Amino acid sequence: MEGLNRFQDEACSYTEGPLLILAGAGSGKTRVLTHRIAHLIEDKSVNPYNILAITFTNKAANEMRDRVDKIVGYGAESVWVSTFHSMCVRILRRHMEVLGGNNNFTIYDTDEQKTVVREVLKLLNLDPKQYPERGMLSAISKAKEEYLTPDKYEQEQGYNFRSQKIAEVYREYQKRLKQNNALDFDDLIFKTIELFEHHPEILDIYQERFKYIMVDEYQDTNHTQFMLVKMLAAKYRNLCVVGDDDQSIYKFRGANIYNILNFEEEYPDAKVVKLEQNYRSTANILNAANGVIANNEGRKDKRLWTDKEDGEKVVYECFDNEYSEAENVVRRISQLNGQGKNLSDMAVLYRTNNQSRIIEEKLIMAGVPYKLVGGTGFYDRKEIRDVLGYLKTVHNRDDEISIRRIINTPRRGIGDTTVNRIVEYAYQNNIDMFSAMDMIDEIPGAQRAAGKIKEFTELIYTLSDIYNRDGLTALYEAVIEKTDYANILKAEGTDEAKSRLENLEELKNKIVNYEEGSEYPNLTELLEEISLVADADTGIEQDDRVSLMTLHSAKGLEFPYVFMVGMEERLFPSGMSLDSDDPDALEEERRLCYVGITRAMKELRLSSASTRMVNGSRNYCKESRFIGEIPKNLIVRKGERAPGYMQKNEFGGRRGSYDDDYSFGGFGGSSGFGRSGSQGYGSGSQGYGDSLYGSGGFGGSSAKKSTSSASAKPYSSVSLDSLKGMPSGGDIDYKVGDTVKHIKFGKGTVKEIVKTGSDYEVVVDFDRVGEKKMFASLARLKKL
DNA sequence: GAACCCATCATTTTT
DNA sequence: TGATGGGTTC
């Protein structure tokens with residue numbers, strides 16, 4: 001086949017029977033998959049209708065869809081390109097009834113799952129200390145991923161006290177989901193398997209339909225996904241899986257690396273094709289990655305190679321602290337940008353989400369636009385969830401979680417007591433909550449709120465009518481109007497409220513887009529798309545911005561310039577992996593490192609800090625072991641000083657000059673990153689970050705941070721003092737009428753000082769932001 | 001019913 | 001450090 005190397009070509013041509021493609025990073029995997037589909041259709045005359053391609057993310061699915069559309073002339077749209085979950089939803093919507101369910105089920109996301117678990121724990125009177133909701137949820141999820149019902153789970157765990165409790169929670173949890181006519185993400189797969197097991201005739205329909213199956217990122221599949229694929233492929237056995245065991249980084253969420261490692265045992269007649277030529281990175285970068293991953297045991301034997309030039313060496317630099325690290329990363333970014341390189345060609349990768357904060361701060365100061373990839377999504381925002389709560393209730397009145405969410409939002413005087421009475425009544429009479437509300441007059445003790453409840457149910461009925469008559473956009477408009485949601489926000493008038501309004505506008509855009517772009521727009525499909533396509537990254541990709549993301553989110557992407565920050569023991573590899581008794585935990589971290597390195601095409605810079613603030617206290621850090629695993633001849637070490645070395649009194653020396661940026665050695669202020677002239681933190685600053693929904697919380701349009709002082713908090717010297725054992729607080733050297741300077745709010749006049757215990761409460765009228773009340777010990781005001 | 005205050009607790013995440 | 005949730009108080 002044209003433009004493919006020998007092995008890629010082989011992978012495309014081998015169409016009958018099981019095939020395992022071990023595709024190293026950057027080896028042209030998506031290319032192979034799309035060409036393979038084209039080959040099936042055009043050369044083998046396979047009906048596109050009989051082809052199924054499964055990916056993990058919607059992004060990957062869309063990308064594959066596009067590329068298939070481009071190279072396949074005719075019938076490409078009949079190929080099923082889908083994620084596991086959306087495939088299952090499609091199947092379940094058709095057949096849920098034979099499982100005794102309802103076809104218009106709601107899909108619960110993690111937040112809604114938590115709410116259910118919380119209620120279950122309360123009902124079962126379990127101490128949330130011993131049975132934390134998070135842990136319960138993950139236990140339930142693990143059980144479902146292993147295809148274990150509560151009974152089987154209990155059995156498997158050997159009927160010990162704890163597992164019996166968990167099984168009890170699991171059982172009750174399922175019961176509630178069923179009552180609410182809802183499924184969680186794991187259920188989507190679980191129920192589909194159940195459907196196929198109990199109804200072979202239905203399985204047969206899909207086996208006949210999907211004669212050729214391809215699964216991407218196979219190393220990320222969990223047990224149920226493995227089962228599902230196995231069932232679907234059992235009849236024709238034309239199963240092609242693609243993956244890279246070295247890029248398996250999702251064990252924590254159930255991915256089973258043995259699915260790929262043991263593929264040949266599961267399918268002894270499987271053909272194996274290895275794609276080992278990397279087309280992405282320079283030789284130095286690639287070999288650095290090879291050097292690191294070579295330290296893992298139990299991998300498939302393969303070695304990536306390239307015919308590209310050596311390129312620049314990998315740079316590693318250790319800085320004094322995380323601020324200095326961030327400044328230098330930003331400086332390099334600005335430098336590259338100054339040389340005409342696009343910001344969209346650069347990415348900063350880190351292990352944990354909270355590391356983004358400091359990088360964001362420094363980017364803002366330097367005026368460099370960025371976008372946060374991943375993190376808290378658009379659909380997690382309160383205002384979005386609220387409005388969607390209405391849509392969900394209209395869609396499925398059994399959805400108690402959504403009803404509870406909106407019944408008093410915005411406030412309409414229906415309190416917890418009333419709600420609990422209704423729910424209790426509903427349980428006692430074995431009816432759903434909404435029906436109970438319809439009988440509010442008969443519920444003892446709920447008379448006072450009866451009027452309000454009736455108004456609420458009327459509202460839902462009205463909304464349903466509007467939806468049925470005028471469609472989705474009208475429904476959205478009606479929700480906003482009849483709940484007064486937007487007006488309440490407008491009345492608030494704060495920046496936060498403004499940003500929430502913007503987010504609602506964005507939601508409306510999405511709904512309008514959906515309604516206009518869909519042949520048969522309906523609420524079920526809209527909500528489904530929203531639940532299953534949590535990515536808010538649709539559209540607005542054209543801007544030139546630096547990408548910030550976790551190493552996990554970076555998988556599947558590539559950038560010419562990559563910065564991996566926080567290369568420190570216990571941060572990366574994470575402390576948890578080091579303390580774990582599972583030796584694979586560290587190996588997974590190493591794979592993550594491998595993934596990170598292999599994202600880079602031209603330039604890779606690693607960095608660390610020798611001290612870092614972790615959970616409120618300053619830690620001394622050793623450089624990550626992964627640095628040492630990169631062959632010496634491929635890496636250049638720079639650095640402010642040797643890692644792990646830090647003079648304590650260095651902090652002390654800076655005390656008192658906190659109006660400077662907290663930085664050493666002539667960076668910061670002197671190199672153009674200083675506070676002066678930067679865009680500023682306060683209200684009204686430009687929307688850096690993803691201004692669409694203020695994802696970072698630093699761009700000024702944030703909805704996440706609620707108080708004005710929450711974001712971009714200055715690096716107050718409190719922690720520095722405590723490092724030296726000095727008491728914070730203490731006396732103040734200004735009085736009423738003095739002019740003082742605040743690190744964030746700037747200049748102002750002291751209006752009032754009140755002594756409160758060991759501290760002072762100070763009211764200052766700031767030139768820029770007006771009056772603020774603050775504690776002297778925290779405000780660190782400087783007399784001018 | 002809502003505003004505070006204090007204690008607690010912190011990976012990675014897509015669907 | 002910081003977010004978050006439960007409990008308390010008005």
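Treat the numbers as computed from the prediction; the structure is a model and nothing was measured. First the proteins, then the strands, lettered A, B, ... as listed; each starts at 1.
Between the P atom of C:dA3 and the NZ atom of A:K382 lies a distance of 18 Å, rounded to the nearest Å. Computed from coordinates, the A:R118 CZ to C:dT4 C1' distance equals 11 Å when rounded to whole Å. For the pair A:Y250 OH and B:dT12 P, the computed distance is 12 Å after rounding to whole Å. What separates CD of A:E133 from C1' of C:dG5 is a distance of 10 Å, to the nearest Å. If you measure from atom CG of A:D109 to atom P of B:dT13, you get 16 Å, rounded to the nearest angstrom. In this structure, the OH atom of A:Y323 is 9 Å from the P atom of C:dT1, given to the nearest Å. Nucleotide B:dT12 holds its C1' atom 4 Å from the CZ atom of A:R351, rounded to whole Å.
Checking each of A:F572, A:F252, A:F56 against A:H552 for a ring pair (Phe, Tyr, Trp, His ring centres under 6.0 Å) leaves exactly one that passes, namely A:F252. Among the candidates A:T110, A:D184, A:D186, the single residue satisfying the side chain to side chain donor-acceptor pair (under 3.5 Å) test with A:S141 is A:D186.
A:D186 comes within 4.0 angstrom of no nucleic acid atom, judged by non-hydrogen atoms across all strands. A:N354 comes within contact range of no nucleotide atom at all, as no heavy-atom separation falls under 4.0 Å. Across all strands, A:L349 comes closer than 4.0 Å to no nucleic acid atom at all (heavy-atom distances). Nucleic acid contact class of A:S574 (heavy atoms, under 4.0 Å, all strands): base. Contact annotation for A:G413: backbone-only contact, meaning every heavy-atom pair under 4.0 Å involves sugar-phosphate atoms and none involves a base. Base contact: A:F185 has a heavy atom under 4.0 Å from a base atom. Residue A:T110 is in base contact, counting any heavy-atom pair closer than 4.0 Å across all strands shown. Contact annotation for A:E589: base contact, defined as any heavy-atom pair under 4.0 Å involving a base atom.
Phosphate proximity of B:dT15 to A:N222: absent, as no side-chain N or O sits under 4.0 Å from OP1 or OP2. Contact annotation: A:R134 does not reach the phosphate of B:dC9 (side-chain N/O to OP1 or OP2, under 4.0 Å). A sub-4.0 Å separation between OP1 or OP2 of C:dT1 and a side-chain N or O of A:S617 is absent. At least one side-chain nitrogen or oxygen of A:N58 sits closer than 4.0 Å to the OP1 or OP2 atom of B:dT15.
Taking the centre and axis of the six-membered ring of A:F319, the NZ or CZ atom of A:R612 falls outside the cone set by 45° and 6.0 Å. Seen from the ring of A:Y250, A:R253 counts as a face-on cation partner, given the 6.0 Å and 45° thresholds.
Remark: ring of A:F252 does not overlap the six-membered base ring of B:dT13 in a stacked fashion, as centroids less than 5.5 Å apart with planes less than 30° apart are not both met.
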